[in-house]
Amino acid sequence: MSTSVATHYTAKLVDGPLEGKTISVEFLDSGEPKPSIGIPAAGSKSYIYARTSDVEFDREGSDRPSAVAYRFREASFA
């Protein structure tokens, strides 16, 4: 029996300008979900979302979540 380690998880955007959207995000090299994510928008704008404590696991016994909730933090104009 082979086992595979997930390299991506679903980020659920729970509020802000992208409320209700989901995106695929890579885990950090440590195997943890990212504490924050930047999502590019029109022009040089990006939306910054911060991780919440809400996580979901698809596989029983897995140490990596399949989905993590993120809340809107700010818009960046860099």
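What you see is a predicted model; the values in this text were computed from it and never measured.
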Look at the side chain of S44 and the backbone N and O of F77, then say whether any donor-acceptor pair between them is shorter than 3.5 Å. no
Steps toward side-chain contact (heavy atoms from CB on, under 4.5 Å) verdict (E32, R51): CA-CA 11 Å; E32 293 292 316; R51 180 181 166 191; 4.2 Å; yes
Single-linkage hydrophobic cluster L18~I48, side-chain heavy atoms < 4.5 angstrom: no
Which atoms form the tightest heavy-atom contact between E26 and K34, and what is the distance? O-CE, 3.4 Å
With the side chain counted from C-beta on, respond yes when V55 and S66 share a heavy-atom pair under 4.5 Å apart, and no when they do not. no
Same cluster for V14 and F57 if Ile/Leu/Val/Met/Phe/Trp/Tyr side chains link at under 4.5 Å? no
I'd like to check P17 versus F72 (side-chain heavy atoms, cut-off strictly below 4.5 Å). Are they in contact? yes
Cation-pi geometry met for R64 and Y9 (6.0 Å, 45°): no
Would you compute the distance between atom CZ of R71 and atom OG1 of T52 and round it to the nearest 0.5 angstrom? 7.5 Å
With a 4.5 Å cut-off on side-chain heavy atoms, are Y47 and I37 touching? no
For E56, is there an ion pair with K12 - N to carboxylate O distance below 4.0 angstrom? yes
With a 4.5 Å limit on heavy-atom distance, are the side chains of P33 and Y70 in contact? yes
Are I39 and I23 packed together at the side-chain level, in the sense that at least one heavy-atom pair is separated by less than 4.5 angstrom? yes
